[in-house]
Structures are given as structure tokens and as C-alpha cells.
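This report concerns only the one structure given below.
Atoms within a ligand are numbered from 1 in the order they appear, just like the ligands themselves. From a predicted model like this one, the values you see are computed outputs, not experimental measurements.
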Amino acid sequence: RTVEQRARSLAGKHVLVTAGPTHEPIDPVRYIANRSSGRQGFAIAQALAERGARVTLVAGPVTLPTPAAVDRVDVETAREMADAVAAALPADAAVMVAAVADWRVEATADQKLKKGTMQPALALVPNPDILATLGASPDRPRLLIGFAAETENVLGHAAAKRTAKHADWIVANDVSGDVMGGDANTVHLVTALGVEQWERLPKATVAARLADRIADALL
Ligand code: CTP
Ligand code: CA
């Protein structure tokens with residue numbers, strides 16, 4: 001191994017990753033959710049494990065294989081994801097890639113709603129913000145990284161989220177194009193020092209770059 005590879009080892013470090021959507025039930029067969037394939041988050045978990053980290057991957061409902069040597073915890077709802085994240089602490093770093101549903105249905109129906117008998121008026125209540133909770137927690141990982149999926153004013157919204165959620169870095173994700181479910185991603189790294197513009201890259205390359213940056217930061 002080269003000197004650079006040794007320097008970039010994450011051996012002995014525990015890194016927590018959230019990925020995928022959450023599903024918030026309406027009734028036993030219907031749910032509300034954000035669009036998310038989980039692929040970017042799974043690629044990040046894989047890249048971290050390849051650098052020797054112990055990785056806990058808290059995954060919402062996705063159809064992806066578990067990367068080698070990654071501890072995967074499957075959840076469905078945002079509240080289950082929040083509980084799984086809390087249970088996985090302490091961690092040296094956390095990368096919150098999940099597209100968490102911002103609201104859940106206040107009263108889920110025990111039986112399937114039948115169309116035609118009613119127009120369901122769904123009362124929604126806010127879900128916990130898992131990243132912001134972690135940012136304000138005494139168990140906050142030393143390096144806390146969020147994602148921001150934006151369709152406009154990408155860098156402005158990302159910078160605001162970095163401060164509001166007490167994150168060290170925000171990976172600003174421009175989802176105005178055809179990112180969802182695809183192979184490539186356009187992201188920029190927003191830190192306290194400013195913005196690093198990254199070119200459009202395969203999701204595996206975004207993951208590798210981010211994992212290298214995490215290894216450097218945890219040295
Ligand atoms: N996040 C979270 N828990 C939530 C909502 C978001 O942990 N309930 C995390 C995401 O995993 C991501 C970051 O917060 O790392 C930003 O998520 P995003 O949806 O872009 O921002 P929101 O704060 O939810 O604002 P909005 O959706 O209105 O843009
Ligand atoms: Ca959101």
C-alpha cells in the first residue's frame with residue numbers, strides 16, 4: 001500500500017450512514033415517501049468499508065444488496081430511522097444521505113381505505129429531523145455530514161442547512177436533472193471554508209472522494 005492509502009485508512013473508526021427513503025404509512029397498503037433509490041448512500045457505505053471503517057448502514061426501503069462488511073439495519077419510517085441512528089451511536093462520523101419523509105400521516109388507518117367511499121383528507125405531522133437532532137446531541141459524531149437535495153438555489157439552501165443543522169459539511173445535490181435512480185450525480189461540498197465544486201461524476205466516484213475526505217478529516 002502506498003503512503004497515501006495508509007493515510008486514508010479508516011481502520012478503527014465507526015461511521016454511521018443513512019440511506020434510501022422512508023415510507024410513512026397511510027393505510028396497510030399505501031404510503032407517502034420521497035424519491036430515493038438509495039444508491040448514493042449505499043455506495044458511500046461501501047467506500048467507507050473498503051477503507052477499513054466499521055460501517056453501520058441504516059437503510060430505508062430499497063432494493064439494493066448490502067455492501068460487503070457493512071452492518072445493515074433496515075427500517076421503514078422516519079421514526080424507526082431516528083431510533084436506529086440513536087442505537088448505533090457512538091460514531092466517529094455520520095453521513096446522512098437518507099431522503100427522510102418530512103411528514104407522516106397523523107392517524108394511519110388500520111384497514112385499507114376504499115376508494116369511492118371517501119376522499120381521504122390526510123392530516124400530516126412533521127417527522128423528527130434526524131440530522132438536526134444528531135447535530136445538537138451530546139453524542140454528536142466528530143464529523144457530521146448531511147446531504148441537501150435541491151432543485152434551485154442549490155448552494156444557498158445547502159449552506160443554510162449546514163448551519164441550521166450543526167453539520168460540518170453538506171453535500172449539495174443538484175436534483176434538477178436526471179439524478180434519481182441514475183448512475184451519476186452532481187454534487188458540491190459545502191464546508192465552513194466555502195464551496196468545492198465537483199464535476200458530474202459516477203455515484204461510486206462521489207462515494208470514493210467523500211470517503212477519502214472523511215479519512216483525511218478523522219486523522
Ligand atoms: N434529514 C434528516 N431527517 C429529516 C429530514 C432530513 O436527517 N427528517 C437530513 C437528510 O438526510 C439530509 C439533510 O437532513 O442529510 C437535508 O435533507 P433535506 O430533505 O435536503 O432538507 P430538509 O431540512 O428536510 O428541508 P427541505 O426538504 O424542506 O428542503
Ligand atoms: Ca426534506
Side-chain angles (χ1 to χ4, degrees), residues 15-25 31-45 48 55-62 64 72-89 91 93-106 124-137 139-141 143-177 179-180 185-192 195 198 203 206-207 210-211 213-214:
V15 187
L16 176 61
V17 179
T18 67
T22 64
H23 286 182
E24 310 297 331
Y31 60 83
I32 56 176
N34 284 36
R35 279 184 206 281
S36 172
S37 69
R39 292 179 59 189
Q40 185 63 79
F42 274 55
I44 289 167
L48 292 163
V55 179
T56 303
L57 172 60
V58 179
V62 294
L64 292 172
R72 174 173 176 176
V73 182
D74 284 311
V75 298
E76 186 187 356
T77 67
R79 286 186 295 175
E80 288 168 9
M81 185 172 278
D83 289 347
V85 163
L89 297 174
V95 193
M96 316 300 273
V97 196
V100 182
D102 293 306
W103 303 277
R104 67 177 178 273
V105 177
E106 186 169 36
L124 303 178
V125 292
N127 269 330
D129 189 313
I130 302 166
L131 172 58
T133 303
L134 199 52
S137 147
D139 293 326
R140 182 191 189 280
L143 181 64
L144 182 58
I145 305 168
F147 267 63
E150 309 292 352
T151 58
E152 43 79 33
N153 187 17
V154 177
L155 296 175
H157 288 312
K161 285 176 185 175
R162 197 187 75 83
T163 348
K165 298 179 188 234
H166 312 286
D168 295 297
W169 303 344
I170 293 282
V171 180
N173 195 356
D174 188 336
V175 295
S176 59
V179 188
M180 297 294 182
N185 213 348
T186 306
V187 305
H188 305 299
L189 191 62
V190 180
T191 74
V195 179
W198 290 9
K203 287 179 177 174
V206 169
L210 191 64
R213 297 297 298 268
I214 292 168

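In this structure the side chain of Val105 never reaches within 4.5 angstrom of the side chain of Pro25, judged on heavy atoms. In this structure the side chain of Met81 reaches within 4.5 angstrom of the side chain of Val100, judged on heavy atoms. When side chains are defined from C-beta on, Pro21 counts as touching Val62, because their heavy atoms get closer than 4.5 Å.
Nearest heavy-atom pair, Ser37 versus Leu64, reported as atom, atom and distance to 0.1 Å: O-CD1, 3.4 Å.
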Stepwise side chain to side chain contact (heavy atoms under 4.5 Å, CB included) test for Leu189 and Val171:
CA-CA 5 Å; Leu189 191 62; Val171 180; 4.0 Å; yes

Pairs under 3.5 Å, N/O atoms on ligand 1 and on the protein: can you put them in a table with the distances?
from     : atom 1 : to     : atom 2 : distance (Å)
ligand 1 : 3 (N)  : Ile130 : N      : 2.9
ligand 1 : 7 (O)  : Ile130 : N      : 3.4
ligand 1 : 7 (O)  : Leu131 : N      : 2.8
ligand 1 : 8 (N)  : Pro128 : O      : 2.8
ligand 1 : 11 (O) : Met96  : O      : 3.3
ligand 1 : 11 (O) : Ala98  : O      : 2.7
ligand 1 : 14 (O) : Lys165 : NZ     : 3.0
ligand 1 : 15 (O) : Met96  : O      : 2.6
ligand 1 : 15 (O) : Phe147 : N      : 2.9
ligand 1 : 15 (O) : Phe147 : O      : 3.2
ligand 1 : 20 (O) : Ala149 : N      : 3.3
ligand 1 : 20 (O) : Lys161 : NZ     : 2.7
ligand 1 : 21 (O) : Lys161 : NZ     : 2.9
ligand 1 : 23 (O) : Lys165 : NZ     : 2.7
ligand 1 : 24 (O) : Asp102 : OD1    : 2.9
ligand 1 : 27 (O) : Asp102 : OD2    : 3.3
ligand 1 : 29 (O) : Lys161 : NZ     : 2.9

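For the Ca ion (ligand 2), protein N, O or S atoms closer than 3.0 Å were enumerated as Asp102 OD1, Asp102 OD2, with waters left out.
Using a 4.0 Å cut-off between charged side-chain N and carboxylate O, Arg140 and Asp168 make a salt bridge.
Applying the salt bridge (charged side-chain N to carboxylate O under 4.0 Å, His left out) rule to pairs touching residues 76-87 yields nothing, sequence neighbours excluded.
No side-chain donor from either of Asn34 and Ser36 sits under 3.5 Å from a side-chain acceptor of the other.
Applying the ring-ring contact (aromatic ring centres under 6.0 Å, His included) criterion to His23, with sequence neighbours excluded, gives Tyr31.
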